[in-house]
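Presented below is the structure to which this report refers.
What you see below is based on every heavy atom in this structure, not just the backbone, and it leaves out hydrogens, waters and symmetry mates.
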Amino acid sequence: MASPDVRTPCLSSAVEYFGGSFKIRIEEEETVESVEFFEDPSSPACNLPNIPNPPPAPGKTSSKATNRRQLSNSDCDPKEIKDTWDKLFKEGYGADVHIITEDGSFIPAHYALLSVASPVLGNFLQQSKVRYGIRCIKTLGVPRDAVSAFIRFLYSACYEEGDMKKFVLHLLVLSHAYSVPSLKRVCINHLEQGWLNLENVIDVLQLARNCDAPRLTLFCIRMIVRNFKNISSTEGWKVMRQANPVLEQELLEFVVEADSRKQDRLKKIEEKKVYLQLHEAMEALVHICRDGCRTIGPRDKVLKASQAACSFPACKGLETLVRHFSSCKIRVPGGCVHCKRIWQLLELHSRSCDEPDCCKVPLCRHFKVKMLQQTKKDAAKWKVLVSKVNAAKNAVSLFSSRRAVF
């Protein structure tokens, strides 16, 4: 539409008169761009009393640096920006895209924004046909409210907590299919933070595998392994067993492997207890042979049955074992079960002792000599046993030192 011509002869003469009365010059002073008007004294306009004086030139306070500083310090509320984009989505002003949903209705949107927010969705829109200036695409297999929540997130990164909880699996699929990593992270985070349960873990696991979410997959597998008995009786497991037997076999292997690791862990814990008991028994043996404990000890010590309780927990049991060993009629090593234990304890101490010449434990030097006559196989077995007992000893010492620090 052509604009009306407002250049009348009267206005034209006035403009020409104004141009002849003033000279316009643009000067740059530091960073200030100002326009100064210099009056021509030879012009007849100087004699006209009705022409007002020009305004003063702007001062240095209006420099670009000051303006830039003012802009940088201005308040910018992200919530207001999000609300603006959210309002644009809800009102659909100037929409040029219709997203047709499962129930046949459509959601208005904007081609430029969807193309920027999701390149995959932008490609689909670019290939779609344009009718009456509107592009149409279909999203079948997903509820309308889930599609609406997805498109809203593309606009403002906003969502209702109820919609997210209700359609989190649909939104996870949409975010993966249309390459929206920010929404994908939100869905995975909500599922990991407590939305996984025994009823939906199988469905979430299958979606996580298909949607390239390895961390969420690991979360699901751990929950299934911990609660296999309850999960294997759910409806989701039954459907998965029929539709995806390969996945069922993988999960069963995970459960068996986890159970095997648990048994091995318990076995190692029991072994460490035995090694720790052997270490405590050797400490008690040295204590009894060197210092004496209540009614048992070396001959050069005065023993009192009424003395305070011993700080070595193995002393009481070891005292009984030593008394039996001293009075047992079966002198053959290995003939008596109780005597065999004390013989093994004495040999274990000898292999761990670094001062056999001054050691007061009986038969310490005897076993040192015996070690030279043993086969390599027996020597290797004792070496492994000594190393494990020392490892248990070091672990206890480290734990005690840490407790003392804290």
Side-chain angles (χ1 to χ4, degrees), residues 267-406:
K267 184 179 179 180
K268 289 181 179 180
I269 291 174
E270 293 299 324
E271 288 180 354
K272 287 182 179 179
K273 288 182 180 179
V274 173
Y275 299 140
L276 184 59
Q277 290 173 357
L278 288 173
H279 164 65
E280 293 175 350
M282 285 195 299
E283 280 191 330
L285 179 64
V286 174
H287 164 65
I288 291 174
C289 298
R290 183 185 60 195
D291 306 324
C293 184
R294 301 187 66 180
T295 61
I296 186 171
R299 294 181 179 182
D300 58 345
K301 294 289 183 179
V302 179
L303 304 174
K304 296 180 180 180
S306 60
Q307 69 181 13
C310 181
S311 59
F312 292 87
C315 269
K316 186 176 182 179
L318 190 60
E319 180 182 352
T320 305
L321 191 62
V322 171
R323 289 186 181 280
H324 168 80
F325 181 72
S326 62
S327 61
C328 183
K329 302 301 181 181
I330 306 175
R331 294 295 181 179
V332 180
C336 174
V337 177
H338 301 292
C339 292
K340 183 179 180 181
R341 292 174 62 189
I342 194 67
W343 278 106
Q344 291 174 341
L345 187 60
L346 289 170
E347 185 171 357
L348 181 62
H349 162 77
S350 176
R351 291 178 179 274
S352 303
C353 183
D354 297 329
E355 301 176 349
D357 295 333
C358 60
C359 182
K360 294 187 177 182
V361 177
L363 304 175
C364 184
R365 292 185 62 186
H366 168 75
F367 283 110
K368 287 288 186 183
V369 175
K370 184 182 176 182
M371 282 190 290
L372 301 176
Q373 303 173 358
Q374 284 182 332
T375 63
K376 292 183 178 180
K377 184 177 181 181
D378 293 337
K381 289 182 180 179
W382 279 103
K383 185 177 181 180
V384 171
L385 180 59
V386 171
S387 65
K388 291 185 176 181
V389 171
N390 290 334
K393 171 186 175 181
N394 296 332
V396 172
S397 302
L398 181 61
F399 179 73
S400 301
S401 61
R402 286 184 176 179
R403 289 188 63 182
V405 171
F406 293 103

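Separation of atoms NE2 (His366) and CD (Glu347) is listed at 8.5 Å; rounding is to 0.5 Å. Between the SG atom of Cys364 and the CG atom of Leu346 there is a distance of 9.0 Å, given to the nearest 0.5 Å. Put simply, NE2 on His279 and CG on Asn394 are 8.5 Å apart, with the number rounded to the nearest 0.5 Å. Distance check, rounded to the nearest 0.5 Å: NZ of Lys388 to CG of Leu278 gives 12.0 Å.
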Let's go through Tyr275 and Leu385 carefully: what are the C-alpha distance in whole Å and the side-chain angles of both, what is the deciding distance for side chain to side chain contact (heavy atoms under 4.5 Å, CB included) to 0.1 Å, and is it a yes or a no? CA-CA 8 Å; Tyr275 299 140; Leu385 180 59; 3.8 Å; yes

Take Met371 and Trp382 through the test side chain to side chain contact (heavy atoms under 4.5 Å, CB included) and record every step on the way to the result.
CA-CA 10 Å; Met371 282 190 290; Trp382 279 103; over 6 Å; no

With side chain to side chain contact (heavy atoms under 4.5 Å, CB included) as the criterion, how do Cys328 and His338 come out once you've worked through the C-alpha distance, each side chain's angles and the decisive distance to 0.1 Å? CA-CA 9 Å; Cys328 183; His338 301 292; over 6 Å; no

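Note on residues 366-382: no pairs pass salt bridge (Lys or Arg N to Asp or Glu O under 4.0 Å), not counting sequence neighbours.
The neighbour count for Arg341 CZ, taken as heavy atoms of other residues, nucleotides or ligands under 6.0 Å away, does not exceed 12.
Remark: Lys273 pairs with Ile269, Glu270 by the side-chain contact (heavy atoms from CB on, under 4.5 Å) rule, at least two apart or across chains.
Considering all non-hydrogen atoms of both residues, Ser352 and Val386 come closest at OG-CG1, 3.7 Å.
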